[in-house]
Trainee: 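First the structure, which I've put down as structure tokens, then a few questions once you've had a look.
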Amino acid sequence: MLEQRQKQAKRTGLPELLNAEKGKVVLRFAPNPNGPLSFGHARGIIINGEYAKEYDGELILRFDDTDTSVKPPMLEAYDLIQKEAEWLLGFVPHRMVIASDRIEHYYQYVEQMLNGGFGYVCKCSAETFREYRVSMTECPCRAYSNLENLELWQGMLDGSFQPGEAVVRVRTDMALKNPALRDWPALRIQDTETNPHPRKDIGSRYRVWPLLDFQSAVEDHLQGVTHIIRGKDLMDSTRKQKLLYEHFGWTYPETMYWGRVKVHEWGGFSTSQMRKDIESGLFEGWSDPRLPTIASLSGSGIQATALRNFWIELGVTQKDIAVPLATLYSHNIKIIDDDAPRIAFIREPIALTLEGVNETIVELPTHPNTTGLGTRKIQLHDAVVYIEKADLQHKTLRLKEFGDFDIEGNTARFVAKERTDKRKIVHWTSKNSSVDASLVQVIDGEICRLDGKLESHQLAVNTPVQIERIGYGIISGDNEITFTHD
RNA sequence: GCUCGUGUGGUGUAGCCAGGUCCAUCAUUGCGGGUUUUCAUCCCGUCGACCCGGGUUCGAAUCCCGGCACGAGCACCA
């Protein structure tokens, strides 16, 4: 593979992984199951998943559910996330790990750390230690012997300490330039009697829980993770974990980071905040179309492939960026347009009686360019059609794929089959071939259900469609269609 | 404050490590036009950028130094 250096040629796809051998790459995506996946999570799962695919490697879906009080896990999220992950990836993650199932493993490494003297039990309060950290002072607890540490550790396990009274720290160096790395905390005590873990098997079984940096570091090693790709907010995590790896004599995986992404139209959302807002009734649920969740996006017609293309295009740069939704929409249109059946939805329908029409059925193409999608047959036995009120301002109209008509009051007099002039072309449907339905759309932060007449169809729920002269949408119920985007 | 990171058109992105072939790629958006029995799709055209200042060099978006701006971490959250 003597690839010539090509300048000015757009590199396509994701950049190459460093030190990656095809077939031996192990990546992971590790969400906190304190809610279902949101837009930002999609980046993590898609980028890691794409690399796993590209390198014939493995992707681990890991639930980092080690906090029971600040961001407590949500029981339903475990299943939801697995389904959403599969939807986003287009394949099932190769392995699944739940941190709360692995506490005993983490304990083994704590003991190893204490025995090795590179960790210690610290009885200082968080505030006291903060002062030590700022002033680069060694904490007195650093002086405990390995034996004392092991005893204190037992004390943490058996309930001799209350939450906040003792933590296990990784011994680094209080003189480290980066304050974040100084003797960082590895495990703490949680009151799991008051705040049990939501998983039945776990519940109140453990009092001592690892913190992210310890849990993640040990688990990455146990799973043989070779590459970690995550947000740059976790850069200091990498540095902390590298110090631990050095203590254990392990080799740290290759790392890559991406910057912060904001979507102009959404502003700031956090899983915890959404959870509160849903519980307080501000939103209808996790799939509320106003929320930036995967459930919301898929429910309103965004395709997984569009999301994949979108995130792959953004790549893994460390820049903090703000993207407009238009970019995602444009990807979505590319995915769906060729196969999206055209369908009529009449807003503020006005019934017109046809005059001078003999046929009882009109056949129009399901898709103007994709003839393979066949035709739609509109029944006209009652000779009544619906058009939008707004179109009534014109007294001469062309009903699309039907004919030219002159409008007088509530009658539409047939003029000609072919075009006779440049009169406006409008979409329409008939009384016989339509149903009462709603168009669900978010307007100015409100969910609007606009009643109207929807052309009868046999399309399955979740079929993306193009709503003539309105935009793209998705069949979201028997008599409901949800607007996706223009 | 300390630590770390990032600065390419309106928005993203390629190029930067290995300096010239870069009057800078591609996409998206805007604008203009074309096709079209949808205000869709598609096609064509067009506007538009290397944070600033020095330095090295025949030559700098690319290397060096210094500014500035923005962001993140410094949680017994993930």
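Below, read A as the first sequence line, B as the second, and so on, with proteins coming before strands; counting in each chain starts at 1. Predicted, not measured: the structure shown is a model, and the values here were computed from it.
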Trainee: Check every strand shown and say whether A:Lys334 touches a base, only sugar-phosphate, or nothing at a heavy-atom separation below 4.0 Å.
Mentor: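 Contact class for A:Lys334: sugar-phosphate only.
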Trainee: What is the nucleic acid contact for A:Gly259, judged by heavy atoms within less than 4.0 Å: base, sugar-phosphate only, or nothing?
Mentor: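 Nothing, no nucleic acid heavy atom in range.
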Trainee: Phosphate oxygens OP1/OP2 of B:rA78: is one of them under 4.0 Å from a side-chain N or O of A:Arg188?
Mentor: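 For A:Arg188, the contact criterion (side-chain N or O under 4.0 Å from OP1 or OP2 of B:rA78) is met.
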Trainee: Would you indicate whether A:Lys422, at its atom NZ, is surrounded by more than 12 heavy atoms from other residues, nucleotides or ligands within a distance under 6.0 Å?
Mentor: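 No, the 6.0 Å shell around NZ holds no more than 12 heavy atoms from other groups.
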Trainee: Please check the phosphate of B:rU13 (OP1 and OP2 only) for any side-chain N or O of A:Thr317 closer than 4.0 Å.
Mentor: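 For B:rU13, OP1 or OP2 has a side-chain N or O of A:Thr317 closer than 4.0 Å.
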Trainee: Looking only at side-chain atoms of A:Asp233, point me to the closest of B:rU37, B:rA78, B:rC39.
Mentor: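 Shortest atom-to-atom distance from the side chain points to B:rA78.
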Trainee: Check for me whether A:Arg199 meets the cation-pi criterion with A:Tyr78, that is, NZ or CZ under 6.0 Å from the six-membered ring centre and within 45 degrees of the ring axis.
Mentor: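 Yes, A:Arg199 and A:Tyr78 form such a contact.
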Trainee: When we call it a touch if two heavy atoms are under 4.0 Å apart, what does A:Lys177 touch: a base, just sugar-phosphate, or nothing?
Mentor: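 Sugar-phosphate, backbone atoms only, no base.
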Trainee: Need one value for A:Thr271: base, sugar-phosphate or nothing, where a base atom within 4.0 Å counts as base even if backbone is also close, heavy atoms only.
Mentor: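 Nothing, no heavy atom under 4.0 Å.
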Trainee: In the strands shown, is B:rG5 matched to any nucleotide by a Watson-Crick or G-U wobble pair with both distances under 3.5 Å, and which?
Mentor: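 Base-paired to B:rC70.
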Trainee: So what does A:Arg130 hit on the nucleic acid, given a heavy-atom distance under 4.0 Å: a base, only sugar-phosphate, or nothing?
Mentor: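 Counting heavy atoms under 4.0 Å across all strands, the contact made by A:Arg130 is with sugar-phosphate only.
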Trainee: Given atom CG of A:Asp320 and atom P of B:rC4, what is their separation to the nearest angstrom?
Mentor: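 After rounding, the gap between these two atoms is 17 Å.
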